[in-house]
Every structure is written in structure tokens, then in C-alpha cells.
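Structure first, then comments.
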Amino acid sequence: MRIAMPHMGNLYIPFKALFQRLDIDFVVPPLNNQRTLSLGVRYSPEGMCIPFKLTLGNLIEAAELGADTLIMPGGSGICRLGYYARIQEQILHDLGYNVEMVQVGVSQRKLVGILALVKRLSNNAPWLKIISAFRFGLSKLNALDRVEQAVQKMRPVEQTGGAANQLYGQAVAAIDQADDDAALRKAEAEYIGRLHRLDKKASVRPLVVGVIGEFYVVLEPFSNLDVEVELGKLGVEVRRTTFISGWTRFSLFLNPLGVNEKDRLHKAARPYLKRDVGGEGWESVGEKVLHAGHYDGLIHLAPFTCMPEIVAQNIMSRTREDIPVLTILCDEQITKTGMLTRLEAFVDLLGRRRRAKQLVGAGCE
Ligand code: SF4
């Protein structure tokens with residue numbers, strides 16, 4: 001059995017650690033690139049969202065590398081994600097690949113469902129070994145997210161453009177290579193330390209922008225044309241509430257206190273939207289309401305044809321909470337130049353808005 005799964009940010013690293021510790025043959029397809037997208041677009045039904053197309057491209061590339069068991073998230077939510085694994089499996093069979101698609105519905109069976117799947121894929125490995133491997137994978141996930149948060153803070157203030165990104169690439173490789181807890185802790189501490197010690201511009205108070213929207217396009221930089229890196233180059237600090245480690249805490253584990261970030265967002269969104277509309281539509285509205293006073297602006301990432309985010313986009317333009325929102329529709333037609341032009345104009349608007357507020361605050365109306 002050769003197992004593979006589609007990419008979403010750095011998620012392949014914790015999974016690789018988990019499967020390697022259980023001696024499972026895990027194939028990592030090439031990181032998302034133009035060929036992945038072209039394959040996905042060529043074989044997807046018209047009108048599918050970019051997560052479908054890119055994950056299909058990954059699965060084809062994994063099958064080319066000999067993977068025969070493909071893991072794909074699914075579920076019984078409102079959005080069409082629940083159908084994707086079956087459609088993709090059919091497409092792969094039509095292309096002549098003899099693969100089995102394993103659908104993971106984490107929201108229903110939470111941690112128990114994941115562990116049961118791992119048990120099956122590992123050919124019935126002992127529970128102790130599975131739990132230990134799973135915990136190590138989670139540690140890598142947490143380390144990756146903590147380093148990324150440090151990078152987000154450093155990008156807008158670094159003296160030498162690109163220095164934080166360069167360290168980030170090295171940190172990701174070091175975390176990937178760490179083969180025990182001590183090496184992992186050392187890699188994380190070393191790179192967070194080096195990030196904090198980078199030369200900074202003097203007295204900069206960067207604009208703060210929240211990046212919100214659909215889970216996949218927020219977390220997969222190839223699908224959003226590296227929007228966070230581009231914002232950093234424009235001197236903007238990015239705040240993102242969606243990190244896989246955070247999501248894991250409230251989606252995989254039972255939540256005895258019953259309070260989590262999602263609940264807070266739903267509560268905040270309720271005056272405008274009272275129910276789940278699929279994907280992250282409800283959360284996007286809540287993010288705007290909740291963070292209007294904290295950020296200078298919001299970048300809303302929405303896959304083209306994504307119904308939940310279309311609902312959110314229409315509601316967000318009418319809320320009382322006043323904060324500029326730029327919606328970027330992600331698909332294969334989006335170009336970097338087009339996105340940069342819009343980002344530059346948006347950041348310019350946020351800068352003028354902050355200066356105007358400061359003048360009002362100083363009594364110079
Ligand atoms: S939430 Fe939107 S983009 Fe994501 S899978 Fe569903 S329809 Fe596609």
C-alpha cells in the first residue's frame with residue numbers, strides 16, 4: 001500500500017512524520033506548481049472551486065508516483081466538499097489509475113475517527129505506537145505554526161527584504177528533518193530566535209490586516225499567490241486566525257469547556273447570519289464583526305464559485321462594523337500582477353484611513 005494525500009500548506013510534514021514512524025509508505029507529491037494546477041483544471045468538471053482542482057492535480061501527481069491509497073478530506077457539511085472524494089476517485093479511475101480513495105470526515109468522529117483510520121492504514125499497529133506517532137506529528141504541526149506566526153510578525157519590519165522568508169524556508173526544512181522531540185524543540189527555538197534577532201526598521205508601526213476566508217485558500221499559499229508574503233513586502237503585518245494547529249484543537253479533540261474560536265465567531269456573526277452556510281462562510285462574517293476594532297483591514301480570500309464565501313461577501317459589505325474588506329477571488333484565472341495592483345491600492349487606502357483617524361484623535365479635523 002502506498003499512501004498519499006493532497007497538499008495544504010505544510011500539512012504534509014506532520015503526516016510524513018506520523019506515517020514514517022508507523023513504517024507506512026507515504027508518497028509526497030510535488031508541492032503545488034503550475035503543472036498541478038494545469039492537470040487539475042484539465043480534468044475537473046467546469047465550475048469547480050480551486051480546492052477541488054488543485055487537490056485533483058495533487059492526487060494525479062501522487063498516482064503517477066505509484067500511490068494507490070489516497071486520503072481526501074470529506075464530510076457531511078453543507079458545502080459540496082463532501083462529494084469531492086467520490087468525484088475525484090471516478091476521474092482517477094477514468095484516467096486509468098487503480099486507486100482507492102479514503103475519505104476522512106474529521107468533524108463527525110473527531111480524533112477517534114482519525115486514529116481508527118491510521119490503525120487501518122498501519123496494518124493494525126499497536127495503539128501505543130500509533131498514539132506516540134500521532135503525538136509527534138502534532139508536535140511538528142504546532143512547531144510549524146509557531147514559526148510561521150513569528151515570520152508573519154517579522155516580514156513587515158525586517159531591514160533586509162526577504163530575510164524572514166529565507167529563514168522560514170530553512171526552519172520548515174529543519175522541522176521536517178527533525179526525527180525526535182529534542183531535535184524538533186532545538187529547530188523551533190533556533191529559528192524563532194534567529195527571526196527575532198533579524199535587523200528591524202526603526203520605529204515602524206505596520207498596518208495590521210486580517211486574512212480570512214475559505215480554509216483551503218487561506219492555508220495554501222500557491223492558491224492565493226502568496227498573498228501573505230506580498231502583504232509583508234508592502235509593510236503589512238498579517239494576522240490569521242486559521243492555523244491547522246488551532247483548528248486541530250477544537251475539531252479533533254473533544255472540547256470539555258464547550259468554548260472555542262469557532263463558537264466566538266458564530267456568536268459574533270449571529271446578528272447578520274444565524275446559521276451555518278457551509279465552508280467558512282459563517283466564520284468569515286464573524287471575523288469581520290469580531291475584529292473590526294482590532295485590524296486596519298481584512299483580506300477575504302474566496303474561491304471563485306464558492307457559495308459559502310459568496311454569501312459571506314454579500315453580508316460583510318452591509319454590517320455596521322466598519323472596516324475595509326478586500327475580497328480576492330482565487331482561481332486559475334487570477335494573475336499576480338492583477339492581485340498586486342489591488343493589494344497596493346488597498347494598503348494605500350488603509351494607510352490614509354489610519355492617518356485620518358490619527359488626525360481626528362489629535363483634534364486636527
Ligand atoms: S467551501 Fe467553497 S471552496 Fe471550499 S470546498 Fe466548499 S465550495 Fe469549494
Side-chain angles (χ1 to χ4, degrees), residues 5-9 11 32 36-37 39-60 70-92 101-108 210-225 227-228 240-244 246-248 250-251 261-262 265-266 269 273 275-288 298-316 325-334 339:
M5 57 184 283
H7 282 294
M8 189 172 65
L11 192 58
N32 279 323
T36 319
L37 181 60
L39 283 170
V41 170
R42 189 180 322 152
Y43 296 113
S44 294
E46 204 189 337
M48 283 301 193
C49 52
I50 192 88
F52 182 94
K53 292 170 184 166
L54 275 173
T55 52
L56 176 64
N58 289 149
L59 296 175
I60 294 173
L70 306 174
I71 302 174
M72 182 68 194
S76 55
I78 295 166
C79 118
R80 51 195 172 168
L81 174 73
Y83 301 109
Y84 284 0
R86 288 293 150 251
I87 302 171
Q88 290 172 330
E89 185 177 47
Q90 187 62 56
I91 294 170
L92 285 156
M101 195 72 99
V102 180
Q103 210 178 145
V104 195
V106 283
S107 42
Q108 288 84 44
V211 170
I212 63 169
E214 195 266 346
F215 200 70
Y216 180 89
V217 288
V218 165
L219 291 170
E220 174 47 53
F222 183 82
S223 70
N224 61 42
L225 300 180
V227 70
E228 293 192 16
R240 206 174 77 205
T241 41
T242 309
F243 280 89
I244 304 181
W247 176 87
T248 310
F250 65 76
S251 296
E261 181 62 16
K262 262 200 178 191
L265 294 171
H266 296 165
L273 184 60
R275 52 163 290 211
D276 188 9
V277 289
E280 282 68 47
W282 203 7
E283 289 80 20
S284 291
V285 175
E287 297 252 23
K288 181 181 177 193
L298 291 171
I299 301 277
H300 173 223
L301 298 175
F304 184 57
T305 75
C306 171
M307 184 276 288
E309 296 304 332
I310 294 172
V311 172
Q313 182 187 7
N314 283 289
I315 294 174
M316 280 195 286
V325 181
L326 174 66
T327 296
I328 296 180
L329 294 177
C330 304
D331 79 342
E332 70 275 14
Q333 309 288 343
I334 183 177
M339 186 186 78

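Note that ligands are numbered from 1 as they come in the structure, with each ligand's atoms numbered from 1 the same way. Sequence positions, counted from 1, serve as the residue numbers for this chain. Just so you know, these numbers use all the heavy atoms, side chains as well, and skip hydrogens, waters and symmetry mates.
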**Prompt:** Got a sec: is C49 within less than 2.8 Å of atom 6 (Fe) of ligand 1 via an N/O/S atom?
**Reply:** no

**Message:** Within ligand 1, which atoms have a heavy atom of Y84 less than 4.0 Å away?
**Reply:** 5 (S), 8 (Fe)

**Asked** What protein heavy atom is closest to atom 7 (S) of ligand 1, reported as residue, atom name and distance in Å?
**Response** R80 NE, 3.5 Å

**Message:** Can you report which non-hydrogen protein atom sits closest to atom 2 (Fe) of ligand 1, along with the distance?
**Reply:** C306 SG, 2.3 Å

**Item:** Heavy-atom donor-acceptor pair, E89 side chain to M101 backbone, under 3.5 Å
**Value:** yes

**Item:** Sub-4.0 Å atoms of ligand 1 with respect to non-hydrogen atoms of G279
**Value:** 1 (S)

**Complete:** Among N, O or S atoms, E214 approaches atom 4 (Fe) of ligand 1 most closely through OE2

**Fill in**
Sorted by chain and number, sequence neighbours left out, ring pair (Phe, Tyr, Trp, His ring centres under 6.0 Å) with F304 holds for none

**Request:** Check whether any side-chain heavy atom of N224 lies under 4.5 Å from a side-chain heavy atom of I334, and answer yes or no.
**Result:** no

**Asked** Would P51 count as a contact of ligand 1 if the rule is a heavy atom under 4.0 Å away?
**Response** yes

**Request:** Could you check atom 3 (S) of ligand 1 against the protein and tell me its nearest heavy-atom contact, residue, atom and distance included?
**Result:** P303 CG, 3.2 Å

**Prompt:** For residues E309 and H300, is any side-chain donor paired with an opposing acceptor at under 3.5 Å?
**Reply:** yes

**Backbone N/O of G47 and side chain of T305: donor-acceptor pair under 3.5 Å** = yes

**Identity and distance of the protein heavy atom lying nearest atom 6 (Fe) of ligand 1** = C79 SG, 2.3 Å

**Request:** Mind checking whether F215 contacts ligand 1 via backbone (N, CA, C, O), side chain (CB onward), both or neither, at a 4.0 Å heavy-atom cut-off?
**Result:** neither

**Item:** Main-chain N/O of Y84 paired with Q103 side-chain donor or acceptor, under 3.5 Å
**Value:** no

**Side-chain (K262) to main-chain (E283) donor-acceptor, under 3.5 angstrom** = no

